[in-house]
Amino acid sequence: MSKVYFSYWQGEVIDNRGVEASDCKEASAKFPVQYDVDIETKAFVGWDGFVLFEDDVDVVKLSLNYARQYQEYSEACGRCTPGRWGGQILYDMLDKIARGEGLMRELDHIKEISLTMTTTSKCEIGKTVPVPILAMIKYFEEQFISLIKEQKKSPWYDTNDEKYISNVTAPCSDTCPAHVDIPGYIEGVRELHFEDSLSATRAMMPLAHTCGRVCPHPCEDACRRVNLDKAVSIMELKRVGADWETDHALAHEWFHPQKPQKPRNDGKKIAIIGAGPAGLTAAYYLGLQGIACTIFEELPVLGGEVAVGVPEYRMPIDKYNKDIELVEDLPTVEIIRNHRVDDNRLKELVEEFDATLLGFGARLSKAIRCGNENTEMKGYWGAIEMLDKVNLWHKYRIGSPAKEDLNGKTVVCVGGGFTSMDVVRCSIREGAKRVVMLYRRDEKTIIRNTTLEEYTEAVEEGVEFIFHSAIDRLIDEDGQLTSLVVNKYELVPDPDGGRAQLVKIKGADFEIECDYVIPAVSQSCDLQILPKEWDLTMTSWGTLQTNGRDYMTSKDGLFAAGDCEYGPMTIVNAVGQARRAASVMARYIYDQKVSLTDSEIMEDHMNKLKVFNKNEKITGWIPGIPREESEKVEISIRKDSNVEVNLGFTAQEAQDEAERCMRCYYLSMVAV
Amino acid sequence: MSERICHREKTVNVIIDGKQCQGQYGQTILEIARANDIYIPTMCYLTKVSPITACRMCVVDVQGVDGHILSCQEKAVDGAVVTTTNDELFKQRQNIMKLYDVNHPLQCGVCDKSGECDLQNKNVEFKVNTQEFAAKDLNRKRKKWGILGYDPSLCIMCEKCVHTCNEIIGANALYIKPGGYKSTIDIRMSVCEQCGDCISVCPVGALVSNEFKYTSNAWEGNKIPATCSHCSSGCSLTYNVKYVGSVNPYANEITRVTNDFEFSTLCGAGRFAFAFENNFSSKDEEAFKNAIEAIKSSDTIKFNSYITNEEAKLLQVLKDNTGIKLVNEDALNYQNFLNTYKKASGNSLYTGSLEVIKQSDAIISIGSRITVDNPVVKYAINEASKHNRAQFVYMHPIDDVYLHDKYTQFIKYEVGSEEGVMALLASYLINEAPQSYKDYLEDLDIGYLSGETSTGEEEFELIEEKFVRCKNKTLIIGEDLFAHSCATNIAKFVGLIDKYTDFSVVLVPSQTNTLGVSLICKLDKDVGSKVVGYNEVGDFIISDNGNGHLQIPALNQQEGTFTSIDKRVLNTNVALNFDGYCLNDIVNEFLKYKIENTIDYTLQLPLNKGFKAIAFDDLENGYNKNGIDLRGYFLKTSIVKNSKEIVLDEVEDINTYNGTVIYRCEPLHQFNKNTKKSLLLKTSNNLRGSAAFATAAKIKNGDTVNVIYGSQTQIKKFKIDTSIRGTVAVYPTFDDKLMDNLITKGYRFKQVQIERQEV
């Protein structure tokens, strides 16, 4: 809910003009009422309408400035006739009215050009820019007409007293934790400019190979195409540009979003703990700006949990290494391997460096919490440790093959998230005779927590899923696990309409004989690294607390991003947080202040407002153009090999899929 | 394979403006409409590239769907009912035209495009007769980009040129410089190939040829459909011929070359090198008599493959009746290669074509600097690279920077080691074959061969790995291999790859009609004691170039046919008249024949080689509306069943090339004396090489050097060229005055001595 003077948004009109303060209605959307600390917003204009927070806003001026912001946006576009010329004409005519030279018929012209823009523009931005302008003319027509009638220049015309801040987003980009320019990289694929596609991705996310393969793609839930037929296959299209670069690697320099700046060599430097997705991302954006940074990595290999946790068949290491090389090749990025940072070392680093980013992840397997649970029991194997062993062997030939342990054995995994999927599918590949996944909830939920592809592939490969079940106790003989006692549950609806409850079914317990139980219920952070005396503020779930906007911890100059801040979450979440943290740190090291840029502030405001509207009716596109599915390696081959399961789109499929993208860019603006 | 839905094979039925239309899933509404003769207006649509989606003119209505649908990009779904025009759509299109007209300069009176301008045409169509909207004008500067001229104020940002440059040509020189209303097209000059295809696709007068500018109106003169005579791609083109009697003693002049740009593409040679006619166009009876005498007293006619099929046939008729030797080294090498390939593969002709290359998702090119040897083949490779994301393995002793964004693997092999390379390739590519071949391939000493050729076994393994999922594979064989001392054995390997793998093969003919000549003529290896040169050096020279003893018409002054890389007989027509004698006159005189026209021989081309008994006048010209090339006909091909197994030779020890090595290779868009004649292509004839070559040869950039080969010395200027890597220099011969330069003969790499001339 937002307090407004007047608002028109998604068809809802709140008109508090001349209404007593006590009778004022509130708008239902979460508008950016307060732009920033100490900065009130006067008005907000966006793709769906406009909002006035104060009664003295000049609407003509507001409309003109929105049209101007569109012109500024067009500086990076102007790729269709209605958008390129229409936007210019719209601006010119509003300007004419504002400077007292407008004619009545120009209001009709504005409406006519607006209609052409709304019905024929290439992107949603061209289609939606006229929406608030037409609404302003509709609800505040008198302001426009009086200027035309009096042929008088608006008093503000030559002044510059207000600040307008604009932002371009899209429902998918807004929902993506890294705010990747999704329509941008899809356009690169559509136009067969794969290098442009990749640069667009890398503007917000350096791990294009990785997030083109193993991202749970929350963006696809916010794809407007969902309202029409099925979401665009956003994630897989990301991979196209990355694969193109790798295929043509002999020929090219890296496709960076911008030319990396020269090393600053000004003595400023940043320490990064952990070479996982968060650490690599922060290093990349600092490196692009020429800022020196050093990553300290405990393991002999780079990439963090994605390297040692995510199996080869989902995320081939040679591809991930390309993402890593991209970062490591930047001249100001230094990576030190085999360097464990403990609390004492961290104290030294904080002294030595101008800022420090913690990105050490969450790598402790949590317990099952069942009877007779004993981590020392033979056959009890934490998911993280198990996946470390599998991946270190297959990707780096470190250690020994897990096949020696798992071949012919029965493995039971407790979980329901990505990690547990990795455990069971790896177990199949390591030759386990029987692989069971125990999950407390149902099939629908496991699909929601992972992806349909992941679940389907696991079933195809022979994983046995037992739903509504949980381990009651472990049974061992002389410290060797022999079997599990499992409780069976059922979902009992709440008579009061609340959330259904899981209730144990009496007498339905059963026993599974097994050689291994692998808990993959969740992970927690190894907090030994944090000096006790710093007394850092922690979340209730044992991670470093920040405000979720600038990612500074309760200690000045100490930042945190990724799983160690959020708890076990996605790669893309770590990327988004780390990029923001890098941006904040890049300023902090010079002024010791924590600040956000306007575009970052707007990014957060739009995220609160929610850009995606699941009730919107889509026009101008034919429903029923099928979503492309990429080819997968056949089960008989992939079951006992580590070849990448997903072969990716063919060129034709990629282009067909890219053509489904509706380019839902939206322009928003605040006046402060 | 997990179960997959293939949408593309499904048929879709749609109703467009009341007409039942059928198409295949994947086709856009616009494509189906056009195939069914239903008109939808467009400004930015270009058939040969992917949808550009800039103009928004092609919007249509679909029943049950709110809003207008972009027909150029949106695929037709089964059952859709489409309306292509109504008042509302007309209004929106009219508005788009009004926007296009914002500040468009009203200089149609002097604009090159006037009369064939899409903006003019669509303004008429949508009844826009005033410039309704205006914006603050910008100072937009005209640009000169070599041969191209760009006027940003005329540009409507349809982006056709940019798409063509990227998707077809593969230069990726043109790009959009965004800036909203200020946006323009810009260029990376260092990679522009000056092909001029951007000029042809420009719907307005924004991109023009600087030389053509202000010389002619679009509607003036005759349009002569023809086939390009510069290389074996045989592109369709139109000579624009204008009467210039008052300023030029030759009453007609070719003012420019245009093409069916919707479907076809020309390289810079085709577009700009059109003024190569023989200006000595009168009947010199004395010279004619001398020519007859010369042929009588000679035992050899020496010629090249820049002639028509009919000329080749006439030469063969002379031979059949007099026994005179026909010597054409280029065609003979090709003929031998083709014949051996035929025996090994069982195919009467090779299996690939330009279209097959375009459709490929895996390509290997060997034995050619393909970018310059045949630009159109490079375009096809680029299309495969962009549209199919094709794996492209470029195998050559010299790297080519212009292919860097196209090849996925470069295999550099030793100069002279082609036989070994081809043996290796065969051993990696051929899995299933009769036992004798398998034994042969298994017995190959891979380690030794990869050592000798300087290729790594892992490079061949990588090809196998990368190609494993590819479905359309093509092997492109270039000129280096035809003239190789081990050409026979190489041709056998090529034939076997064709027969026992799923590769298609293209043997790129080295000159315009190399394939035709090699099919039509029975060729001799060595010249006799007295030689008549037919466009070649000889004791008596018959030439279309103005510099021989008897003048004959050039290829733009003749009608006849060429046999192209696509194994296709393509007809060409007379753009400019020639009033002198031609080969047919000589043959008539010599054999007392009364054959009226050269093209009467079109019917007599050898049927047993795949030619058809179709008269020249029955051949059609140009493209139809669906993009089908109507010219000529395809040679008939056949597969020999149960062909005998051939015997592979031992791979010979590889001759090592030490010291300074040069590679006979022309600059881009130069092929021969005809392209050289063009004033539009101002290419230098320098010997070009890397800095490393200069150091090895002890010469410097700009030096004049003696290139000594055998007993001959040629003088060249040397330039360092950063686009050439390695230690082999590139030696052009297109300008060769001394036509018996030994460097132009045989295998293209030559070990030479290079001496710096003292100043």
Side-chain angles (χ1 to χ4, degrees), chain A residues 70-89 92 109 112-113 115-116 119-122 190-195 240 243-244 247-248 250-252 460 617-626 628-629 631-635 647 650-652 654-656 659, chain B residues 1-2 4-5 7-8 26 43 50-51 53-57 59 62 65-70 73-75 77 80 91-92 95-96 99-100 102 133-136 156-157 159 163 166-167 172 176 178-183 361 386-391 403-410 466 469:
Chain A
Y70 177 59
Q71 283 310 99
E72 262 164 41
Y73 160 77
S74 305
E75 298 281 303
C77 184
R79 300 286 299 276
C80 72
T81 321
R84 182 187 186 222
W85 282 279
Q88 176 74 30
I89 297 295
D92 276 8
H109 274 159
E112 190 185 335
I113 290 301
L115 184 62
T116 299
T119 52
T120 68
S121 286
K122 179 169 174 169
R190 194 189 69 82
E191 292 212 298
L192 309 175
H193 275 292
F194 307 111
E195 69 287 1
V240 174
D243 282 347
W244 173 267
D247 270 349
H248 295 80
L250 285 167
H252 288 293
E460 283 171 353
K617 183 173 162 51
I618 308 295
T619 63
W621 294 84
I622 301 184
I625 310 280
E628 295 293 332
E629 298 289 341
E631 195 179 333
K632 314 290 186 295
V633 173
E634 53 202 282
I635 301 160
L647 294 165
T650 63
Q652 184 67 60
Q655 211 183 345
D656 284 348
E659 285 174 356
Chain B
M1 214 73 36
S2 51
R4 305 181 69 230
I5 313 150
H7 312 293
R8 289 221 156 229
M43 285 295 281
S50 52
T53 74
C55 78
R56 324 304 287 181
M57 290 282 284
V59 285
V62 175
V65 179
D66 288 343
H68 304 319
I69 300 298
L70 196 70
Q73 183 185 279
E74 201 77 315
K75 291 174 185 64
V77 297
K91 181 88 199 142
Q92 294 315 329
N95 277 346
I96 289 169
L99 292 173
Y100 268 135
V102 170
F133 303 117
K136 200 190 267 176
I156 60 166
M157 296 301 290
E159 305 181 9
H163 275 250
N166 174 44
E167 284 181 45
N172 216 352
I176 294 148
Y181 179 60
K182 293 195 284 292
S183 54
D361 53 10
K386 297 281 157 57
H387 289 120
N388 315 331
R389 293 211 311 268
Q391 296 289 326
L403 293 177
H404 273 187
D405 59 346
K406 285 157 203 73
Y407 65 62
T408 48
Q409 201 182 341
F410 169 55
K466 293 271 193 174
R469 300 244 157 217

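Only a predicted model underlies this, so the values are computations on that prediction, with no experimental measurement involved. A, B, ... follow the sequence lines: proteins, then strands. Residue 1 opens every chain.
Across every non-hydrogen atom of B:L99 and A:I113, the tightest pair is CD2-CD1, 3.9 Å. Here the closest non-hydrogen pair linking A:A651 and B:R389 is CA-NH1, 3.5 Å. The nearest pair of heavy atoms linking B:A135 to A:Q88 is CB-CG, 3.8 Å.
Listed options A:G87, A:S121, A:P623, A:G624 were ranked by heavy-atom pairs under 4.5 angstrom with chain B; first place goes to A:S121. The greatest number of non-hydrogen atom pairs below 4.5 Å with chain B, out of A:P626, A:P82, A:C80, is found for A:P626. If you tally non-hydrogen atom pairs under 4.5 Å between each of B:G67, B:G179, B:S50 and chain A, the highest count goes to B:G179. Each of B:K136, B:M43, B:H387, B:K91 has some count of heavy-atom pairs under 4.5 Å with chain A, and the biggest count is that of B:H387.
In this structure, the portions of B:V102 lying under 4.5 Å from any heavy atom of chain A include both its backbone and its side chain. If you measure heavy-atom distances from B:E74 to chain A, the contacts under 4.5 Å come from the side chain alone. With a threshold of 4.5 angstrom between heavy atoms, B:I176 approaches chain A through side-chain atoms but not through N, CA, C or O. Heavy atoms closer than 4.5 Å to chain A are found nowhere in B:A80, neither backbone nor side chain. Proximity to chain A (any heavy atom under 4.5 Å) is restricted, for B:N172, to the side chain, taken from C-beta onward.
With A:R84 contributing its side chain and B:S183 its backbone, the two residues share a donor-acceptor pair below 3.5 Å. Remark: side-chain polar atoms of B:Q73 are paired, donor with acceptor, to backbone N or O of A:E659 under 3.5 angstrom.
Counting heavy atoms from C-beta outward, A:K122 and B:L70 have side chains that stay 4.5 Å or more apart.
When the ring pair (Phe, Tyr, Trp, His ring centres under 6.0 Å) test is applied to A:F194, the partners found at least two apart in sequence or on another chain are A:W244. A:Y73 pairs by the ring pair (Phe, Tyr, Trp, His ring centres under 6.0 Å) definition with nothing, not counting sequence neighbours.
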